[in-house]
2 protein chains.
Amino acid sequence: MTGLRERKKQRTRDSLIRVSHELFVDKGYDETTVDEIADAVDVSQRTFFRYFASKEAVAFALQDEVESQFIDAVADRPADEAPLRALRSALDANWSRIGDAIQEVVPISVHMRLSQVIETTPSLLAVQMRRASETEDRLVTVLATREGLDPREDPRPRVLVALFAGVMRAAGRQWSAGDDITVESQRRAVEQCMDLMGPVLSDDWSARPSRTES
Amino acid sequence: MTGLRERKKQRTRDSLIRVSHELFVDKGYDETTVDEIADAVDVSQRTFFRYFASKEAVAFALQDEVESQFIDAVADRPADEAPLRALRSALDANWSRIGDAIQEVVPISVHMRLSQVIETTPSLLAVQMRRASETEDRLVTVLATREGLDPREDPRPRVLVALFAGVMRAAGRQWSAGDDITVESQRRAVEQCMDLMGPVLSDDWSARPSRTES
DNA sequence: AGATTAGTGTCAGCCGCTGACAATTGACAA
DNA sequence: TTGTCAATTGTCAGCGGCTGACACTAATCT
């Protein structure tokens, strides 16, 4: 059983996340002040910074969990799966479970709209991409371990992860540019871009229509 | 013939770039204050911000030119080259010309060490990656035009560029992790990673040693 | 209940960055 | 040459993000 102190802390933390995300979505990130967030949750600004190292950090608090979950899922894939296959499988397996942890803190709709805010706010986009590169590093380690390789000598894990991350980003851009802001459409965008990895590297681009038009 | 006013401006701008880069390399980015840069160039802090929108901007002033040059080179490739081939050719063609524009403002050694500083400074790394994504967008437009495609309907240009950018980043990481901080080793890293794009996507990773070991 | 410890609020201050206004300096014509 | 105009710069005040120091409050342990 957790003590009162700990529960209180968790409540404060969740409130800071929820309130800040709502403000970001409503007024925009740059237009939201840390003081406003702190006031709305009724704590001091100083306390906010004891929970989150920066204003950016609170915006990515939930993505943290999503990413960790994905990494674990990759590590748990059977060892005989090819590397790229393992990544896609982990994606598939986690797809449904992703939303649950989020919904306990923030409505999914807010979370989805926050994704858009992140893509359209330069400072947040920058942080998101740096975070992505950190996730890449963790993935490289996991994959290299699976294949029994040393990532310092063999660049293949790093290259594969870079390609994978690139595709994920391309899918993210495509999704956030459209108007169907749902988990399903997100999933569809990812799968479509994944399927194009092979064809796109070939020399012949003539008359191969994308799936959206066929 | 340019007027005195314009020449003075150019001199100030170059000085700000040179001095700031040297300070970043010597003391680190976070440890360098805008006031210090301004003082060293003997202008007011306010003037610094009239030349550069942010402290980050001055750190990427030279990369701006490099990237624009690359984009132009891609656009100038013959139309019958396959997309990926065009990217690699543009890279090759520009490789030697890159350093010249830089050396006029900052010694190459400083520029190379700054690349390392960027990779190891979280806030700068974030900005670099956002900038990379903007470059990607421009490349997508160029490639789509070359192939006569609409990037909104056909995701293939975006996916290819994402893969290309991913490989470039993987190469950059690998290079900046090593101790040979020269243009040649940078070039070698890029080419090695490029050559791995195809193999890495295949299902068979067994016993294919990387080029560094063979 | 009293001592201990964790969590919070307050205050002062640094740094990045911006608007406003006045002072300076190069450009250009009378 | 001189006077006018426009561009560039410096100064000042102020906001927002963020941090260290210290006192205060409240949960935990004995």
Side-chain angles (χ1 to χ4, degrees), chain A residues 1-17 19-21 23-24 26-61 117-118 121-128 130-131, chain B residues 1-17 19-21 23-24 26-61 117-118 121-128 130-131:
Chain A
M1 185 64 189
T2 72
L4 167 59
R5 210 167 226 168
E6 207 162 333
R7 268 177 289 145
K8 233 176 168 175
K9 251 171 65 178
Q10 191 60 47
R11 277 219 328 266
T12 305
R13 189 186 143 87
D14 286 352
S15 296
L16 285 173
I17 296 177
V19 167
S20 65
H21 286 207
L23 284 172
F24 293 160
D26 282 359
K27 323 186 357 176
Y29 177 78
D30 290 328
E31 290 71 31
T32 303
T33 300
V34 173
D35 283 313
E36 288 174 332
I37 302 172
D39 286 351
V41 179
D42 211 56
V43 295
S44 71
Q45 192 216 46
R46 194 67 183 81
T47 294
F48 173 93
F49 284 110
R50 282 198 256 259
Y51 279 87
F52 299 99
S54 64
K55 183 180 160 191
E56 284 145 4
V58 72
F60 290 98
V117 171
I118 290 173
T121 305
S123 57
L124 284 183
L125 183 55
V127 172
Q128 189 186 40
R130 173 172 56 82
R131 289 169 41 81
Chain B
M1 185 66 188
T2 73
L4 167 58
R5 208 167 228 165
E6 208 164 334
R7 267 178 288 146
K8 229 174 170 178
K9 252 171 66 179
Q10 191 59 47
R11 277 220 327 265
T12 305
R13 189 186 143 86
D14 287 352
S15 295
L16 285 172
I17 295 176
V19 167
S20 66
H21 286 206
L23 284 172
F24 293 160
D26 282 359
K27 325 187 355 178
Y29 176 79
D30 290 328
E31 291 70 32
T32 303
T33 300
V34 173
D35 283 314
E36 289 173 332
I37 302 172
D39 285 352
V41 180
D42 210 57
V43 295
S44 71
Q45 192 216 47
R46 194 66 183 83
T47 295
F48 173 94
F49 284 111
R50 283 198 255 259
Y51 279 87
F52 298 99
S54 65
K55 182 179 159 190
E56 285 144 4
V58 72
F60 289 98
V117 171
I118 291 173
T121 305
S123 56
L124 284 183
L125 182 55
V127 172
Q128 189 186 41
R130 175 172 54 81
R131 288 168 42 81

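Only a predicted model underlies this, so the values are computations on that prediction, with no experimental measurement involved.
Between the C1' atom of D:dC29 and the CZ atom of A:Arg5 lies a distance of 11 Å, rounded to the nearest Å. When the P atom of D:dA27 is taken as reference, atom CZ of A:Arg7 falls 11 Å away, rounded to whole Å. In this structure, B:Lys8 atom NZ and D:dT9 atom C1' are separated by 10 Å, rounded to whole Å. Summarising the geometry, the separation between NZ on A:Lys9 and P on D:dA26 is reported as 18 Å, rounded to the nearest angstrom. Following rounding to the nearest Å, B:Gln10 (CD) and D:dT8 (P) show an atom-to-atom distance of 13 Å. Between A:Tyr29 atom OH and D:dG16 atom C1' the separation is 11 Å, expressed in whole Å. A:Lys55 places its NZ atom 4 Å from the P atom of D:dG17, with the value rounded to the nearest Å. Here D:dC18 presents its P atom at 18 Å from OH of A:Tyr51, a figure rounded to the nearest Å.
Close approach of DNA chain C to chain A, defined as any atom under 4.0 Å from a non-hydrogen atom of the protein, starts and stops at C:dT5 to C:dT10.
A donor-acceptor distance shorter than 3.5 angstrom exists from the side chain of B:Ser20 to the backbone of B:Ile17, with no hydrogens or angles considered.
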Under the criterion side chain to side chain contact (heavy atoms under 4.5 Å, CB included), I'd like the reasoning laid out for A:Asp39 against A:Phe48: C-alpha separation, chi angles, the key distance, then a yes or no. CA-CA 10 Å; A:Asp39 286 351; A:Phe48 173 93; over 6 Å; no

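Along DNA chain D, the nucleotide closest to A:Val34 and the one closest to A:Arg46 are compared, and the more 5′ of them pairs with A:Val34. Residue whose closest nucleotide on DNA chain C sits further toward the 5' end, between B:Arg50 and A:Ser44: A:Ser44. Heavy-atom distances to DNA chain C give each of B:Leu4 and B:Asp35 a nearest nucleotide, and the one nearer the 5′ end belongs to B:Asp35.
Under the 4.5 Å side-chain criterion, counting only non-hydrogen atoms from C-beta, B:Val58 is not in contact with B:Tyr51. With contacts defined as side-chain heavy-atom distances shorter than 4.5 Å, the pair B:Leu125/B:Gln128 qualifies. Looking at heavy atoms from C-beta onward, A:Ser123 lies in side-chain contact with A:Asp30 at the 4.5 angstrom threshold.
In this structure, B:Ser123 reaches neither bases nor backbone, as no heavy-atom distance under 4.0 Å exists between it and the strands shown. The residue A:Thr33 sits close only to the backbone: its heavy atoms come under 4.0 Å of sugar-phosphate atoms, none of a base.
Scanning both residues, B:Phe52 and B:Arg13, for their nearest heavy atoms gives CE2-NH1, 3.5 Å. Scanning both residues, B:Val19 and B:Ile37, for their nearest heavy atoms gives CG1-O, 4.4 Å.
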